[in-house]
Peer 1: 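I'd like to ask you about the structure that follows.
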There are 2 protein chains.
Amino acid sequence: MTEIIEIAHPRVHACGRQPGENYCDNCKVRSLAVCAALGSEELPELDNIVHHTRAEAKTTFIHQGETAESVFSVTEGVVRLYKLLSDGRRQIIGFAMPGDFLGLALHNRYGFSADAVDPVGLCRFDRRDFDNLITAKPHFLRRLHEFATHELVIAQEQMTLIGRRSAEERVAAFLIAMRERWARIKGPSVTIQLPMQRIDMADYLGLTIETVSRTLTKLARDGIILIVPEAVRVLDEKKLAAIARA
Amino acid sequence: MTEIIEIAHPRVHACGRQPGENYCDNCKVRSLAVCAALGSEELPELDNIVHHTRAEAKTTFIHQGETAESVFSVTEGVVRLYKLLSDGRRQIIGFAMPGDFLGLALHNRYGFSADAVDPVGLCRFDRRDFDNLITAKPHFLRRLHEFATHELVIAQEQMTLIGRRSAEERVAAFLIAMRERWARIKGPSVTIQLPMQRIDMADYLGLTIETVSRTLTKLARDGIILIVPEAVRVLDEKKLAAIARA
DNA sequence: CACCTGATTTGATCCAGAACAAGGACGCGT
DNA sequence: ACGCGTCCTTGTTCTGGATCAAATCAGGTG
């Protein structure tokens with residue numbers, strides 16, 4: 001059922017270094033996200049229980065309702081998290097990008113599904129191991145709690161976006177949010193990468209694919225953005241921010 | 001600016017007992033919520049830093065954007081939490097009821113406002129004290145983290161409700177959710193107390209007051225509920241659940 | 001009681017965005 | 001190059017819920 005490809009955790013890294021030492025370039029890239037999220041002091045402990053894995057584009061690696069056996073951290077690529085209604089309606093509850101955790105809720109079952117938008121690199125932790133680590137290292141729990149409450153703040157903002165704002169406001173706010181997220185990962189840029197499809201944006205923003213498309217076209221027509229494949233270029237930062245502003 | 005009435009924390013309870021001993025009826029009622037949320041073992045520590053307060057109906061005791069100096073726990077009554085847009089549009093992000101915490105996010109500023117729907121009893125904790133307690137008692141942090149992730153799950157469900165479901169589904173789901181919450185607090189009942197106004201339900205569900213009113217009327221016309229002042233009575237549990245079901 | 005004020009319901013119209021429909025545009029395999 | 005499938009855009013129509021407008025109702029209060 002699971003389409004993810006497990007990569008045996010290298011007890012000794014390809015570069016010859018032991019876990020806990022400075023990482024080789026390849027491993028550093030993979031662990032960067034976790035590192036950034038947790039602070040380097042936890043890395044050695046994490047290193048003992050992490051399993052590096054990948055998920056190819058479009059594969060589902062968390063299934064809503066299934067027993068939550070793993071906690072994930074994204075190191076590369078973009079993941080969409082979503083809830084499905086029985087009749088097929090879908091709500092994307094978030095996009096996870098490098099540095100983000102999935103499955104933080106210490107519940108028995110996953111409350112959402114997750115799949116890879118593009119090829120994704122993941123750190124997988126066994127639930128049990130993760131739980132032990134949390135219990136042993138309160139500092140770690142604290143970080144996790146901060147992360148969870150931040151997620152909560154985001155979720156509350158998204159509620160406001162979906163519940164009370166127009167299609168144009170939603171799209172503009174989404175673009176700006178994506179821009180800021182990429183900026184934290186790879187530095188500022190006027191080009192906003194949008195690896196997900198229109199339908200994903202629609203299901204995230206509580207709109208239809210047609211409305212998303214039309215709204216982007218309108219923003220482009222107004223000279224605010226330029227639509228390019230897999231991305232948009234911001235032409236008029238001020239105007240875009242003005243539309244998105246609460 | 002703050003309209004809440006601070007009640008000096010009784011070093012010796014009215015009944016003559018010391019803090020940490022079993023509580024007198026009055027105090028027990030007040031502390032019940034915290035107790036239920038955290039487990040009785042933390043009570044003694046909490047007791048040293050808690051300030052019992054009240055907020056009269058309609059008063060605001062958390063202001064979005066202000067420095068977060070307190071953490072609250074509701075012991076009595078209902079609180080609405082909301083975000084305001086600059087043009088006055090409002091999204092209610094949740095209702096807090098006895099046993100619920102407010103201001104968990106360990107952020108500098110409140111991300112929402114909160115006011116009392118009806119007369120509310122609160123336990124207020126100084127941010128600094130609360131923080132110290134968390135640091136000293138990992139078990140306590142763990143409880144809090146569980147609470148926060150549960151909130152996150154609720155928020156994600158609410159996103160789905162607002163983003164992808166019809167007015168009738170939203171109202172039905174709201175009624176069932178309120179029923180379950182009251183059931184945990186005061187036991188099961190076919191009467192669902194709704195102390196908040198129609199406009200609060202509307203702002204919670206991403207609808208207008210008229211749509212909420214019409215939808216309730218329709219449910220009543222269909223013999224599913226009976227509308228009574230400040231509440232609704234459930235007449236056809238099956239049908240209501242069928243509408244609310246995802 | 002008569003009056004006022006705020007909440008709720010009900011009615012009539014409107015409109016943003018959904019739904020339906022039809023082309024493009026692009027990539028991929030043959 | 002051609003056909004095919006997927007995604008995206010654009011055009012048209014439709015509708016659920018918003019908006020505008022009045023009643024109705026429920027508490028106060030003098």
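Here is the naming used below: chain letters follow the sequence lines, and residue numbers restart at 1 for every chain.
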Peer 1: Can you name the residues that form a salt bridge (charged side-chain N to carboxylate O under 4.0 Å, His left out) with B/R109, not counting sequence neighbours?
Peer 2: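 Scan of B/R109 (salt bridge (charged side-chain N to carboxylate O under 4.0 Å, His left out), adjacent residues dropped) gives none.
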Peer 1: Once you round it to whole Å, what is the distance between P of C/dA18 and CD1 of A/I199?
Peer 2: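 In whole Å, C/dA18 P and A/I199 CD1 are 12 Å from each other.
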Peer 1: Tell me the bend of the helix from C/dC1-D/dG30 to C/dT30-D/dA1 as the angle between end helix axes, each from five pairs, rounded to the nearest 10 degrees.
Peer 2: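 Answer rounded to 10°: the end axes differ by 30°.
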Peer 1: Is the distance between the ring centroids of B/F95 and B/Y204 under 6.0 Å?
Peer 2: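 When the ring centroids of B/Y204 and B/F95 are compared, they turn out to be within the sub-6.0 Å range.
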Peer 1: Got a sec? Which of residues 155-178 of chain B come in under 4.0 Å of DNA chain D, heavy atoms?
Peer 2: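 Output list: B/S166, B/A167.
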Peer 1: Flag the pair A/R89 and A/D87 as a salt bridge only when some basic side-chain nitrogen lies within less than 4.0 angstrom of an acidic carboxylate oxygen.
Peer 2: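 Salt bridge between A/R89 and A/D87, a charged N being under 4.0 Å from a carboxylate O: yes.
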Peer 1: Is a donor on one side and an acceptor on the other found under 3.5 Å between the side chain of A/R90 and the backbone of A/Y82?
Peer 2: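 Not at all, since once roles are kept as given, no pair shorter than 3.5 Å links the two residues.
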Peer 1: For A/R233, what residues pass the salt bridge (charged side-chain N to carboxylate O under 4.0 Å, His left out) criterion, not counting sequence neighbours?
Peer 2: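 Result, salt bridge (charged side-chain N to carboxylate O under 4.0 Å, His left out) vs A/R233: none returned.
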Peer 1: Chain A on DNA chain D: first and last contacting nucleotide, 5' to 3', under 4.0 Å to a heavy atom?
Peer 2: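 Range of nucleotides within reach of chain A: D/dC7 to D/dT12.
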Peer 1: Salt-bridged, A/E157 to A/R165, with N to O below 4.0 Å?
Peer 2: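 No, no charged N to carboxylate O under 4.0 Å.
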Peer 1: State the CG-CD1 distance between A/L175 and A/I192, to the nearest 0.5 angstrom.
Peer 2: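 Answer rounded to 0.5 Å: 5.0 Å.
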Peer 1: Using atom types as modelled and distance alone, determine if a side-chain donor or acceptor of A/S189 lies under 3.5 Å from a backbone N or O of A/T191.
Peer 2: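 Checked: pair present.
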Peer 1: When you look at A/T53 and A/R124, which way does the side-chain hydrogen bond (donor to acceptor under 3.5 Å, both in side chains) test go after all the steps?
Peer 2: CA-CA 7 Å; A/T53 75; A/R124 191 180 69 73; 5.9 Å; no
Peer 1: Say whether A/R198 and A/S213, considering side chains only, have a donor N or O and an acceptor N or O under 3.5 Å apart.
Peer 2: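 Checked: A/R198/A/S213 side chains show no N/O donor-acceptor pair below 3.5 Å.
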Peer 1: Salt bridge or not for A/R245 and A/E169, using N-O below 4.0 Å?
Peer 2: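 No, this pair does not count.
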Peer 1: Could you tell me the separation between the CD1 atom of A/I227 and the C1' atom of C/dC26, rounded to a whole number of Å?
Peer 2: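 The distance from CD1 of A/I227 to C1' of C/dC26 comes to 16 Å, rounded to the nearest Å.
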Peer 1: Look at the side chain of A/D203 and the backbone N and O of A/D200, then say whether any donor-acceptor pair between them is shorter than 3.5 Å.
Peer 2: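 A pair under 3.5 Å: no.
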Peer 1: In whole angstrom, what separates B/R198's CZ from C/dT10's P?
Peer 2: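 Computing the B/R198:CZ to C/dT10:P distance gives 11 Å.
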Peer 1: For DNA chain D, what residues of residues 206-218 of chain A have any heavy atom nearer than 4.0 Å?
Peer 2: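 Within this stretch, A/E210, A/S213, A/R214, A/T217 sit under 4.0 Å of the strand.
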Peer 1: Starting at atom CG of A/D87, determine the distance to atom P of C/dA19, rounded to an integer number of angstrom.
Peer 2: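 A/D87 atom CG is separated from C/dA19 atom P by 11 Å.
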Peer 1: Could you tell me the separation between the CG atom of B/D118 and the C1' atom of C/dA7, rounded to a whole number of Å?
Peer 2: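 Atom CG in B/D118 sits about 16 Å away from atom C1' in C/dA7.
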Peer 1: To the nearest 0.5 Å, how far apart are CG in B/L194 and CH2 in B/W182?
Peer 2: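 That separation rounds to 9.5 Å.
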